[in-house]
Trainee: 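Below is one structure. I have some questions about it.
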Amino acid sequence: MKNLIKPSLSLLLVLFADVSFSQGTIPIVTSNALQNGQTEYSITLQLLGLMTILTLLPSLLLMMTSFTRIIIVLSLLRQAMGTAQTPPNQVLLGLALFLTIFIMTPVATVVNEEAIQPYVNSEIGLEDALLRAQVPIKTFLLQQTRETDIQTFISLLNDDVQYNTPNDLPLNILVPAFIASELKSAFTIGFMLYIPFVVIDLVVASILMSMGMMMLSPMMISLPFKLLLFVMVDGWNLLIGSLAGSFAQI
């Protein structure tokens, strides 16, 4: 978790620190001496912008990482098993978050080593740091994005710009294409998870119908068998391993 959060926050602080110190005439906080001897403090648009970026940072991190696919698959698994609110939302979100940290750690490490640390050490400028930081992020996004989704958003942009290589694609095209691909992948995995549980429901419903027990809910009978099947095949280990392995590492 530390390897992922520290580079992200460091890059954010570096960006705003550069703006603050390079424009000395526009400090973040200004002070004015009043006639009664007191001091009045006021903030500038830079601090307002920083606060706005901080509110958007969680959304940006979640929509550009593996979080979307993982949380959708876990939610579909819970619905397929018919366990209502078990596991609770807090457990699913926590599991998805830490799986995301585990998967995205290599990407964050590359960003930290090739972009943030050289900039902090004054080895490269801000523009070079941003360009270097985009390379591993784009590599990860491209590895998980379908070409058809990329072509769709390029056509929607309706411009005449030619992109020679996939790395030339801007993030305003790559990010929504990545989200669309993640949704498709998540629902595909969810469909495969649904099949064995639907088979159990059909078998139980058929047996109850043949016995004339139509007033008995098939879900109440099939739920223990679903849980037994999931535990016997070590379902959580298989699911978590499959989700982590479905993301190509850079």
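As the structure is a computational prediction, the values presented were derived from the model and not from experiment. As a basis for the values below, the full set of heavy atoms in this structure was taken, side chains included, without hydrogen atoms, waters or symmetry mates.
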Trainee: Between atom CD of Gln151 and atom OG1 of Thr148, what is the distance when rounded to the nearest 0.5 Å?
Mentor: 8.5 Å
Trainee: Out of curiosity, does Ile70 fall in the hydrophobic cluster containing Met63 (side-chain heavy atoms, cut-off under 4.5 Å, transitive links)?
Mentor: yes
Trainee: Please table the atom pairs, donor to acceptor, closer than 3.5 Å between any side-chain atom in residues 169-179 and protein atoms at least two apart or in another chain.
Mentor:
none

Trainee: With sequence neighbours excluded, give me every salt bridge (Lys or Arg N to Asp or Glu O under 4.0 Å) pair touching residues 98-109.
Mentor: none
Trainee: Could you list who else is in Met232's hydrophobic cluster, with ILVMFWY side chains joined at under 4.5 Å, directly or through other members?
Mentor: Leu228
Trainee: Which residue pairs satisfy the salt bridge (Lys or Arg N to Asp or Glu O under 4.0 Å) criterion with at least one member in residues 236-246, sequence neighbours excluded?
Mentor: none
Trainee: Could you work out, with salt bridge (Lys or Arg N to Asp or Glu O under 4.0 Å) as the rule, every residue matching Asp201, not counting sequence neighbours?
Mentor: Lys226
Trainee: Does any non-hydrogen side-chain atom of Tyr194 lie less than 4.5 Å from one of Leu77?
Mentor: no
Trainee: When hydrophobic residues are tied together by side-chain contacts of less than 4.5 Å, even through go-betweens, does Leu156 share a cluster with Ile150?
Mentor: yes
Trainee: Using side chain to side chain contact (heavy atoms under 4.5 Å, CB included) as the criterion, list what pairs up with Leu229, not counting sequence neighbours.
Mentor: Pro196, Ile200, Val233
Trainee: With sequence neighbours excluded, tell me which residues meet salt bridge (Lys or Arg N to Asp or Glu O under 4.0 Å) with Lys138.
Mentor: none
Trainee: Answer yes or no: is there a side-chain heavy-atom contact under 4.5 Å between Val111 and Ile116?
Mentor: yes
Trainee: Return the set of residues passing side chain to side chain contact (heavy atoms under 4.5 Å, CB included) with Val135 (not counting sequence neighbours), or none when no residue passes.
Mentor: Thr139
Trainee: With a 3.5 Å cut-off and sequence neighbours excluded, list the donor-acceptor pairs that the side chains of residues 234-243 form with protein atoms.
Mentor:
unit_1	atom_1	unit_2	atom_2	d
Asp234	OD2	Asn237	ND2	3.3
Ser242	OG	Leu238	O	2.7

Trainee: Rounded to the nearest 0.5 Å, how far does CD1 of Ile195 lie from CZ of Phe197?
Mentor: 11.5 Å
Trainee: Donor-acceptor check, side chain of Asn121 to backbone of Gln117, threshold 3.5 angstrom: yes or no?
Mentor: yes
Trainee: Give a yes or no on this: more than 12 heavy atoms of other residues, nucleotides or ligands lie within 6.0 Å of atom CD of Glu147.
Mentor: no
Trainee: Rounded to the nearest 0.5 Å, how far apart are CD1 of Ile137 and OG1 of Thr65?
Mentor: 11.0 Å
Trainee: Suppose the criterion is side chain to side chain donor-acceptor pair (under 3.5 Å): which pairs have a residue in residues 83-93, not counting sequence neighbours?
Mentor: Arg78-Asn89
Trainee: Quick check: closest heavy atoms across Ser222 and Val204, and the distance to 0.1 Å?
Mentor: CB-CG2, 3.8 Å
Trainee: Looking only at heavy atoms, what is the nearest atom pair of Ala129 and Ala115, with distance?
Mentor: O-CB, 3.4 Å
Trainee: Which residue pairs pass the salt bridge (Lys or Arg N to Asp or Glu O under 4.0 Å) test with at least one member in residues 99-114, sequence neighbours excluded?
Mentor: none
Trainee: Kindly compute the distance separating CG (Leu97) from CD1 (Ile71), expressed to the nearest 0.5 Å.
Mentor: 9.5 Å
Trainee: Please list every donor-acceptor pair under 3.5 Å in which a side-chain atom of residues 182-191 meets a protein atom from a residue at least two apart or in another chain.
Mentor:
unit_1	atom_1	unit_2	atom_2	d
Glu182	OE1	Arg69	NE	3.3
Glu182	OE2	Arg69	NE	3.4
Glu182	OE2	Arg69	NH2	2.6
Ser185	OG	Arg146	NH1	3.2
Ser185	OG	Arg146	NH2	3.2
Ser185	OG	Ser181	O	3.0
Thr188	OG1	Lys184	O	2.8

Trainee: Should Met64 and Phe140 be marked as a side-chain contact (heavy atoms from CB on, under 4.5 Å) after you check the CA-CA gap, both sets of side-chain angles, and the distance that decides it?
Mentor: CA-CA 9 Å; Met64 297 175 64; Phe140 172 80; over 6 Å; no
